[in-house]
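Working notes, beginning with the structure itself.
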Amino acid sequence: MSEYRIAAAVLAGGRSTRMGSPKENMIIEGDGRTFLGKICDEADACSGDCIAARYLSIRRGQDLSREGYKAVEDTYDDIGPLGGLTAVLEAAAADGMDAVLILACDMIRYTENEIRRICDSYKGEDILWARTDGRDIQPLASIYSVKILDECLSQAGDGVYRLRDLDKRCKRTGFYDSADSPAYENRNDPRFVKDGTL
């Protein structure tokens, strides 16, 4: 068990025009679970072990719930994952968490083993970037300290919405180098979605 209280937050508030329907509701072919159900199942397997709390990051007005998860509405409308991260960090700080592992709901090959490995690697950094192939940062599967809430708010106020840009505002960042690059494939990526089908 880590000395840090790390929460998992599943990002389920994004919109996908490429998929033709809300991505959290997309069914995984040959599996039967939704995208949201699959990634939550992986986080659930780590609950009480390396994951101390679970959140669903949703857009304002979105009606979505899952047992064992606290639904947290985005702080801002339509600024992408930064809005979700800001709201989740605020909720996690209030709940006594040290950091939050952000997980995009459409990374359907991501596993509980990856959750355990990145959580075990966390040493209190402002951001622990997941990285694949030694170079590709994966902001939608990285750990963010609750201490960077002010930096997130400042960046949003400046109109800069890319999570990668938080690196410029944070003092202490690190890298978790994954040996499982396929786990980070984003099913909303145009390479995997053609005419709204997977």
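Heavy atoms only: backbone and side chains are in, while hydrogens, waters and symmetry mates are out. Just so you know, residue 1 is the first one in the sequence shown, and it goes up from there.
Ion pairing between a basic and an acidic side chain is recognised when a charged N comes within 4.0 Å of a carboxylate O; R109 and D180 show no such pairing. Salt bridge K171/D126: absent, no basic N to carboxylate O contact under 4.0 Å. One finds no salt bridge joining E125 and R172 here, because no Lys/Arg side-chain nitrogen approaches an Asp/Glu carboxylate oxygen to under 4.0 Å. Using a 4.0 Å cut-off between charged nitrogen and carboxylate oxygen, R33 and D41 count as a salt-bridge pair. Between R5 and D98, none of the side-chain N atoms (NZ, or NE/NH1/NH2) sits under 4.0 Å from a carboxylate O, so this pair counts as no salt bridge. Using a cut-off of 4.0 Å between Lys/Arg side-chain N and Asp/Glu carboxylate O, D78 and R59 are scored as not salt-bridged.
Residues W129 and Q138 are not in side-chain contact: their nearest non-hydrogen atoms beyond the backbone lie 4.5 Å or more apart.
The distance from atom CG of D120 to atom SG of C50, rounded to the nearest 0.5 Å, is 6.5 Å. With rounding to the nearest 0.5 angstrom, the OG atom of S145 is 9.5 Å from the OH atom of Y4.
With hydrogens and angles disregarded, a donor-acceptor distance shorter than 3.5 Å links the side chain of E42 to the backbone of E112. No donor-acceptor distance shorter than 3.5 angstrom exists from the side chain of R164 to the backbone of R162, with no hydrogens or angles considered.
The shortest non-hydrogen separation linking I39 to C105 is CG2-CA, 3.8 Å.
Aromatic rings from Y55 and Y69 are positioned such that their centres are separated by 6.0 Å or more.
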